Number of protein chains: 2
Amino acid sequence: MAPALDERRAAILNAIVQDYVRGGEPVGSKRLVEEWNLGVSPATVRSDMAALEEAGLITHPHTSAGRIPTDAGYRHFVDGLTATEPLRSEQAAALENLLMGSPDLEELLRRTSSVLSRLTRFAALVVAPRLDRSRLRHIELVHLAPTSVLAVLIVDTGRVEKRMLELDAPVAEHDVQRARHAINDAAANLPVAQAPDVVAGVAAGAPAEVRPLIEAVAAAVRKGLASAMAGDQLFVGGSANMAGGGYFERLEQVKSVFETLEEQVVVLQVLREALEDDPAVRIGTELPLVELAACSVVAARYSATGGSGGTVGVLGPTRMDYPRTLAAVQAVASSLEKALAELTGAS
Amino acid sequence: MAPALDERRAAILNAIVQDYVRGGEPVGSKRLVEEWNLGVSPATVRSDMAALEEAGLITHPHTSAGRIPTDAGYRHFVDGLTATEPLRSEQAAALENLLMGSPDLEELLRRTSSVLSRLTRFAALVVAPRLDRSRLRHIELVHLAPTSVLAVLIVDTGRVEKRMLELDAPVAEHDVQRARHAINDAAANLPVAQAPDVVAGVAAGAPAEVRPLIEAVAAAVRKGLASAMAGDQLFVGGSANMAGGGYFERLEQVKSVFETLEEQVVVLQVLREALEDDPAVRIGTELPLVELAACSVVAARYSATGGSGGTVGVLGPTRMDYPRTLAAVQAVASSLEKALAELTGAS
DNA sequence: GCCTGGCACTCTGCGGGCACGCGTGCCAGA
DNA sequence: TCTGGCACGCGTGCCCGCAGAGTGCCAGGC
């Protein structure tokens with residue numbers, strides 16, 4: 001797949017990628033030798049370019065234009081990266097400052113997506129920490145009306161899920177309190193995966209007055225946590241960036257990218273597939289969606305105490321500055337990790 | 001401002017608006033008489049058109065093109081509307097079905113924005129019910145770590161606000177429970193505007209072990225509810241629609257609209273200003289933002305039990321079908337009202 | 001006095017034709 | 001194996017001319 005390339009040819013490929021990313025125009029042999037003093041003449045470069053084209057790493061849009069990288073070309077470039085150029089230190093500091101001191105998890109993730117999109121000028125994607133390995137802190141029941149109770153599930157990552165329970169028969173306030181105690185005594189600090197069954201067990205052994213309520217809670221816990229675990233919460237920021245920067249010509253393309261970004265389920269799926277690597281880079285047609293054939297995703301995991309963590313990433317055009325973007329994504333991931341640790345407390 | 005227009009001229013203006021909205025192309029005198037059998041010749045229509053142009057209600061992009069409405073022209077058209085054409089009944093039914101049975105407030109509002117955007121094919125804006133006249137149901141305190149407590153505020157509209165409290169000194173679990181009881185005894189069912197002061201009063205009269213905690217809760221209640229009341233939560237759906245439909249030509253325009261849509265504060269401000277009327281229509285330059293000069297906002301209030309309600313609306317191009325959009329927005333507002341009443345229970 | 005038919009005018013969009021620039025591919029020679 | 005030179009292909013910008021659409025205006029009719 002990646003044939004060991006002649007050293008000079010690899011250099012030429014990298015030069016093409018970098019020039020094209022900067023300028024957005026097909027790059028020709030003459031400009032290449034001028035800017036990268038390669039020590040050879042344009043003619044030599046041309047024959048190398050022909051070889052690179054043969055290998056499928058570059059193309060030209062029409063005969064008399066310069067070359068542009070193909071997805072495979074970008075891939076080769078990215079795989080050859082050794083060091084991602086780090087952020088400027090004042091940027092890194094500003095980043096930490098911005099994330100630290102968020103009042104709650106949602107706000108933290110929102111800020112993260114905002115800062116990442118401004119840093120990269122692409123659309124930022126932030127997935128909330130997954131629950132599957134986290135623990136249930138507390139289940140609160142609030143008696144709103146005779147037959148309706150609000151269940152609030154609090155997880156140790158700071159995440160809060162709420163769910164209305166509608167009961168067939170009225171329930172008394174003190175029974176709600178009994179149920180609350182029974183449930184919390186049994187389920188608090190359990191891994192969320194076990195919580196539904198434990199609550200169901202409590203229901204089975206409970207007196208008749210409270211059993212329907214506890215059963216309803218068990219169902220809510222099962223559904224609420226399951227949906228929270230499967231369909232992780234996604235924060236998208238800066239999608240307007242995709243319309244700027246001159247990356248796309250036709251409105252149609254932009255529209256389909258925006259539409260895709262609105263489909264949270266789809267975006268999550270894309271991120272999930274990408275994250276077989278970490279950090280992950282998925283370029284153009286490597287993405288599972290044809291609508292995103294002109295886009296790339298760069299993503300990295302972050303970890304959270306007690307959970308399996310989440311993902312931060314960006315969606316940008318294939319013609320992106322990969323080293324810079326990788327650096328930004330990784331920096332944001334690690335800052336988020338720190339801010340998250342601070343937020344959930346030492347515990 | 002709106003000079004009493006000759007009846008035929010008004011008819012011609014309306015015809016121009018409707019033709020232009022449908023077709024998107026400047027409309028000429030000939031087509032007009034053919035499609036709207038006006039009973040006069042094109043030449044007559046032309047002289048009327050000249051008068052309408054003189055009055056600032058229409059323009060033409062260049063000499064030999066047909067006419068298009070100006071913002072003032074749309075305004076005249078909208079003000080002259082008597083009946084908004086109602087939704088088809090199966091659409092209305094589907095609407096109600098979709099909104100009923102949402103598990104919680106957030107999900108309901110999310111669905112509302114989704115359905116409204118699909119109904120109109122514009123960007124949907126949904127503002128959560130405001131809290132200022134609602135009541136506090138319950139304050140839950142969860143002891144996460146010795147010096148950190150999570151405060152969860154539950155409001156009778158079903159809205160939940162959460163806030164981390166970091167204390168200077170450790171606090172014991174049973175003191176957290178004491179504080180919780182004291183606070184809820186005093187503050188439950190109070191209007192949210194009074195809650196902060198009441199909680200502060202509880203703090204003043206509390207024993208020293210729990211006073212710092214209750215003071216922290218008071219501060220959190222003050223800040224949490226204030227920010228929730230001022231910066232209402234906004235749900236935006238279907239913004240990708242703004243890139244389709246051929247309304248905008250240049251990518252620049254689309255980008256600035258998207259950027260504006262991402263600024264929740266700005267959008268909220270626009271909606272707030274618009275809602276001096278109900279239902280409200282703000283056309284092009286009537287909006288307070290130059291970036292939205294090519295857009296219109298159609299919005300309507302909905303009310304919530306115990307609160308002052310919220311807003312639903314759409315942002316679309318000035319070239320929109322106002323009667324249809326008005327009907328859709330109003331239908332969604334009233335369905336949302338019903339679904340909300342069902343969600344928060346009879347109470 | 002208002003409406004109508006006719007006519008001249010203006011502007012856009014489209015297709016053809018031409019020169020230009022750019023970048024390539026190839027080849028002979030070092 | 002690299003290099004300089006040369007011919008080729010192709011897209012771009014420009015000008016031109018032409019058809020089409022729509023207007024403005026004016027003289028004439030009801």
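Residue numbering restarts at 1 for every chain, and letters A, B, ... go by the order of the sequence lines. Worth saying up front: this structure is predicted, and the values here are computed from it rather than measured.
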Exercise. To the nearest Å, how far apart are A:Arg31 CZ and C:dC22 P?
Worked result: 13 Å
Exercise. Crowded around A:Arg31 CZ? As in, over 12 foreign heavy atoms under 6.0 Å?
Worked result: yes
Problem set entry | Which nucleotide in C:dT4, D:dC2, D:dG24 has an atom nearest any side-chain atom of B:Ser41 | C:dT4
Exercise. What nucleic acid atoms does A:Ala43 come within less than 4.0 Å of, heavy atoms only: base, sugar-phosphate, or nothing?
Worked result: base
Exercise. Of all the nucleotides listed (C:dT4, D:dC6, C:dT10), which has the minimum atom distance to the side chain of B:Ser64?
Worked result: C:dT10
Exercise. Is the shortest distance from a Lys or Arg side-chain nitrogen in B:Glu35 or B:Arg22 to a carboxylate oxygen in the other one below 4.0 Å?
Worked result: yes
Exercise. Atom CD of B:Glu54 and atom C1' of D:dT23: how far apart are they, to the nearest Å?
Worked result: 16 Å
For this session: Check each of A:Ser296, A:Cys295, A:Pro69 against A:Thr318 using the side chain to side chain contact (heavy atoms under 4.5 Å, CB included) test, and report the only one that passes.
Result: A:Ser296
Exercise. How long is the line joining CD of B:Glu7 and P of C:dC2, in whole Å?
Worked result: 16 Å
Exercise. Would you say the side chain of A:Arg46 and the base of D:dG4 hold a donor-acceptor pair, judged only by whether the two atoms sit under 3.5 Å apart?
Worked result: no
Exercise. In terms of side-chain heavy atoms of B:Thr44, which of C:dT10, D:dT23, C:dT4 is nearest?
Worked result: C:dT4
Problem set entry | Under-4.0 Å side-chain N/O to phosphate OP1/OP2 contact, A:Arg67 with C:dG25 | yes
For this session: Output yes when A:Asp79 and A:Arg75 qualify as a salt bridge under the 4.0 Å nitrogen-oxygen rule, no when they do not.
Result: yes
Problem set entry | Rounded distance in Å - CD1 (A:Ile12) to C1' (C:dT24) | 14 Å
For this session: Between B:Gly39 and B:His62, name the one whose nearest nucleotide on DNA chain C is closer to the 5' end.
Result: B:Gly39
Exercise. Whole Å only: how far is the CD1 atom of A:Ile68 from the P atom of D:dG11?
Worked result: 14 Å
Exercise. Considering only side-chain heavy atoms of B:Arg8, which listed nucleotide, C:dC3, D:dG24, C:dT24, is closest?
Worked result: C:dC3
Exercise. Starting at NZ of A:Lys30 and ending at C1' of D:dT3, how long is that distance when rounded to a whole Å?
Worked result: 17 Å
For this session: For A:Ser29, answer base if it contacts any base atom (sugar-phosphate contacts may also be present), sugar-phosphate if it contacts only those atoms, and nothing otherwise; contact means non-hydrogen atoms under 4.0 Å.
Result: sugar-phosphate
For this session: Measure from the side-chain heavy atoms of A:His60 and tell me the nearest of C:dT10, C:dT24, C:dC3.
Result: C:dT24
Problem set entry | B:Glu262 side chain vs A:Gly238 backbone, donor-acceptor pair below 3.5 Å | yes
For this session: Specify the separation, in whole Å, of atom CD of A:Glu53 and atom P of C:dG23.
Result: 15 Å
For this session: Calculate the interatomic distance between B:Glu25 atom CD and D:dA21 atom P; express it in whole Å.
Result: 11 Å
